[in-house]
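Heads up, the thing below is written out as structure tokens.
Start at 1 with the first residue, then count along the sequence. Fair warning: this is a prediction, and the values are worked out from it, not measured in the lab.
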Amino acid sequence: MNRHKRHTSPLQAVAVVAVSALFVLTALVGLYKCFSEEPLVPAGPDPSADTPDASQEPGGSGERAAPVLGSRKEHFHTILLGGLDDENGGSDTNLLLAVDSDNGVMNVVSLPRDTLLNVSWSVKKLNNAYHHGGFTQTMEEVSKLLGIPIDHYVTVDLRAFVELVDAIGGVDFDIPVNMDYDDDYQDLHIHFDAGPRHLSGQEALEVVRWRQNNDGAGYATADIGRIDTQQAFLKAVAKQTLQLSNMDKVGDMAAIFQEWVKTDLKLSNLIWVGEQALKMGPDNIFFHTLPGDGAGFYKGGSYYILDPEGTLELINTHFNPYREDLTLDDMYILVP
């Protein structure tokens, strides 16, 4: 085995399932519409209580909570979507979903796995937060990082991916680059020509896992290029899932969801989210990536360094649940 090969992480692929699972529930609306119920916004901290100064030593125990900026927008919810791999542990794929029902849009931002966090532990990467307290810790760190509350979560196991794509009859997708990769150690072999193709579940998994070829050629922007491919695939999955021809597959998709998805939302809440997606349609679901430098370094380590001003603008424009704009003082972005 070539020791210099970078193994493609299966955790990245789960991003597709995390959002797709919500679209699956749009089909359930037809059967359970009477049980649709908008999620409640969890009670936040007391706005009158003293909050720790942002300059104190950060940690992983909630020393610095997301700010409370007064009244929230109505019918606006934030949900953190995580891709988990129970066999290997960790949450390398995280997406933040903002449901803005009043304006009829959903926004999804990819949170790069190597995002630099302002935390006390030595490896300050976002994907490492899971090892310091599970997905609860991941939610807490994302909330502190971006300065907004995370209302709810949905996590999806990798093994749902192939089953879900096959359940909707596969997905038509335009593969962006030639893919030629072999890793005998993982028994992973990815070989596709660029261009349109109808992908089965296993083929789709290979496409979204791909990072580079045997000769080292890959996306020009490394992991950000793969995120772009995943987002494009999400759009294709959304379009395919929302087709009326898939309505007869409700039972299969619901069973996949029940087995592999964990969430703090009630079924009626998930149906409400699916109902909003159905009303909005794929053209009103927008994908973003946190702005930053994927080739950044901090204390000798390689990190995704956020652009504070760009991150602030993105969050205020699409993900801030408060009526009042955030400032950089509300965020917890570590700048080397």
Could you tell me whether the side chain of S200 reaches within less than 4.5 Å of the side chain of D166, counting heavy atoms only?
-> yes
Any donor and acceptor pair, going by atom type alone, linking the side chain of N178 with main-chain N or O of A194 inside 3.5 Å?
-> yes
Shortest non-hydrogen contact between T229 and P176, atoms and distance | OG1-CG, 3.5 Å
Side-chain contact, heavy-atom cut-off 4.5 Å: Y153 with T138?
-> no
Give me the ring orientation class for H132 and W121: parallel if the planes are under 30° apart, tilted from 30 to 60°, perpendicular past 60°.
-> parallel
Output for pair (Y304 OH, L290 CG), nearest 0.5 Å, gives 6.5 Å
Verdict with supporting geometry, H318 and D100, side chain to side chain donor-acceptor pair (under 3.5 Å) = CA-CA 9 Å; H318 300 295; D100 186 354; over 6 Å; no
Closest non-hydrogen atom pair between L81 and F135, with its separation | C-CZ, 4.2 Å
Spatial distance of atom CD (E141) from atom OH (Y332) [nearest 0.5 Å] = 9.0 Å
List for me each residue that meets salt bridge (Lys or Arg N to Asp or Glu O under 4.0 Å) alongside K266, sequence neighbours excluded, and say none if there are none.
-> E37
Does any non-hydrogen side-chain atom of T289 lie less than 4.5 Å from one of P112?
-> yes
Side-chain heavy atoms of L116 within contact of L306, under 4.5 Å | no
Is a side-chain N or O of N214 found less than 3.5 angstrom from the main chain of D182, in a donor-acceptor match?
-> yes
In terms of hydrophobic clusters joined by side-chain contacts under 4.5 Å, are L314 and F76 together?
-> no
Can you tell if the side chain of L96 reaches within under 4.5 Å of the side chain of I150, non-hydrogen atoms only?
-> yes
Among all residues two or more places apart in sequence or in another chain, which pass the salt bridge (Lys or Arg N to Asp or Glu O under 4.0 Å) test with E203?
-> R197
What pairs with E259 under salt bridge (Lys or Arg N to Asp or Glu O under 4.0 Å), at least two apart in sequence or on another chain?
-> none
Just one of L145, V123, N128 clears the side-chain contact (heavy atoms from CB on, under 4.5 Å) bar with L117, so which one?
-> L145
Got a donor-acceptor contact below 3.5 angstrom from the T311 side chain to the D307 backbone?
-> yes
First locate atom NE2 of H189, then atom CG of D184, and finally report the distance between them rounded to the nearest 0.5 Å.
-> 5.0 Å
